[in-house]
Protein chains: 2
Amino acid sequence: MQLDHVFGALSDATRRAIVMRLCDGEASVGELAKPFEMALPSLMKHIRILESSGLVASEKTGRVRMCSLQTEALATVEGWLAVQREIWEQRLDRLETYVEKLKKREKSNARKRRSK
Amino acid sequence: MQLDHVFGALSDATRRAIVMRLCDGEASVGELAKPFEMALPSLMKHIRILESSGLVASEKTGRVRMCSLQTEALATVEGWLAVQREIWEQRLDRLETYVEKLKKREKSNARKRRSK
DNA sequence: ACTATAGTTAGCTTTATGGCTAACCAATCA
DNA sequence: TGATTGGTTAGCCATAAAGCTAACTATAGT
């Protein structure tokens, strides 16, 4: 399950809609197709992409294929974002304490100037 | 700042690397280019894409262009994921309580059967 | 003024994406 | 068994993506 493919899969509104639908529970290809104007084969392509990205799994029984969300894939993406957030927040924290330091120095300098 | 474009921008390893680099603070185009084997114009394209997705902002002073992370864009993506997670977790909760109910009924049925 | 640096523009290739139609299985249902 | 339903394959098209080179612009340093 590659980050590239997961992000790629989510970069299309149709596919995000499918993912959102599947958050509510399993669905057949037909059910998934209903809300869209798209021809079935086009929609199937999207499902394939979702599958190969690891976001969706499906299994065929009889003639209907049921699709379900693979939440781990979404969790992986969340994880990546969380890591980045941590990094930039740490940096902002350092920056803030640095600015604090500057301010204090400013004040003490001001005192010195006044007492000259 | 469209979800489509943000996810699309993040679906490329080079661009994710740039984003990661920028989490550590501002950088010029040249600095960003260093770690990659890519020709400059190719890298510039990536920067453009990151900019048009809203993930990165840049400003040119003199002859160097400084790029910085726009954390709101990343936050938006995190938000979308969080919403989906909430939905599927609620469903799993409902499912769990449903299974609990079934179990209890099973037990009470078992008691009834025993007391027959 | 000359040269080196830092980006930028233009234009080309190759490959991938997103959509379509038409024809084709394979399981149900009547 | 014959028709219907649910999905699948194959193949076409238009556009966008990711890379390149070559040539250009505009600042900074000497």
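None of these values were measured; they are calculated from a predicted model. The basis for the numbers below is simple: all heavy atoms, side chains too, and nothing from hydrogens, waters or symmetry mates. In what follows, chains are A, B, ... by sequence order, proteins preceding strands, each numbered from 1.
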Atom-to-atom span, [atom1] of [X] to [atom2] of [N] - whole angstrom:
X: A:Leu43; N: D:dT9; atom1: CG; atom2: P; answer: 15 Å
X: B:Lys34; N: C:dG7; atom1: NZ; atom2: C1'; answer: 15 Å
X: B:Lys60; N: C:dT9; atom1: NZ; atom2: C1'; answer: 12 Å
X: A:Phe36; N: C:dG18; atom1: CZ; atom2: P; answer: 13 Å
X: B:Met66; N: C:dG7; atom1: CE; atom2: P; answer: 9 Å
X: B:Leu50; N: D:dA17; atom1: CG; atom2: P; answer: 13 Å
X: A:Asp12; N: D:dA17; atom1: CG; atom2: C1'; answer: 15 Å
X: B:Leu40; N: D:dC20; atom1: CG; atom2: P; answer: 10 Å

Between [options], which nucleotide gets closest to the side-chain atoms of [X]?
X: A:Thr14; options: D:dG7, C:dG19, C:dT8; answer: C:dG19
X: A:Met38; options: D:dG7, C:dG7, C:dG19; answer: C:dG19
X: A:Ala39; options: C:dG7, C:dC20, C:dG18; answer: C:dC20
X: B:Pro41; options: C:dG7, D:dT8, C:dT9; answer: C:dT9

Does the side chain of [X] get closer than 4.0 angstrom to OP1 or OP2 of [N] through an N or O atom?
X: B:Ser42; N: D:dA18; value: no
X: A:Arg48; N: D:dT9; value: yes
X: B:His46; N: D:dA17; value: no

Taking [X] for its side chain and [Y] for its backbone only, find out whether a donor-acceptor pair lies under 3.5 Å.
X: A:Arg85; Y: B:Thr71; answer: no
X: A:Arg65; Y: A:Val29; answer: no
X: B:Arg15; Y: B:Leu10; answer: no
X: B:Arg91; Y: B:Glu86; answer: no

Geometric class of the A:Phe7/B:Phe7 ring pair [parallel <30°, tilted 30-60°, perpendicular >60°]:
tilted
Hey, does the side-chain of A:Arg63 have a donor or acceptor N/O within less than 3.5 Å of a partner on the base of C:dA27?
yes
So which one's nearest nucleotide on DNA chain C is more toward 5', A:Ile49 or A:Gly62?
A:Ile49
Is A:Lys45 touching bases, backbone alone, or none of the nucleic acid, heavy atoms closer than 4.0 Å?
base
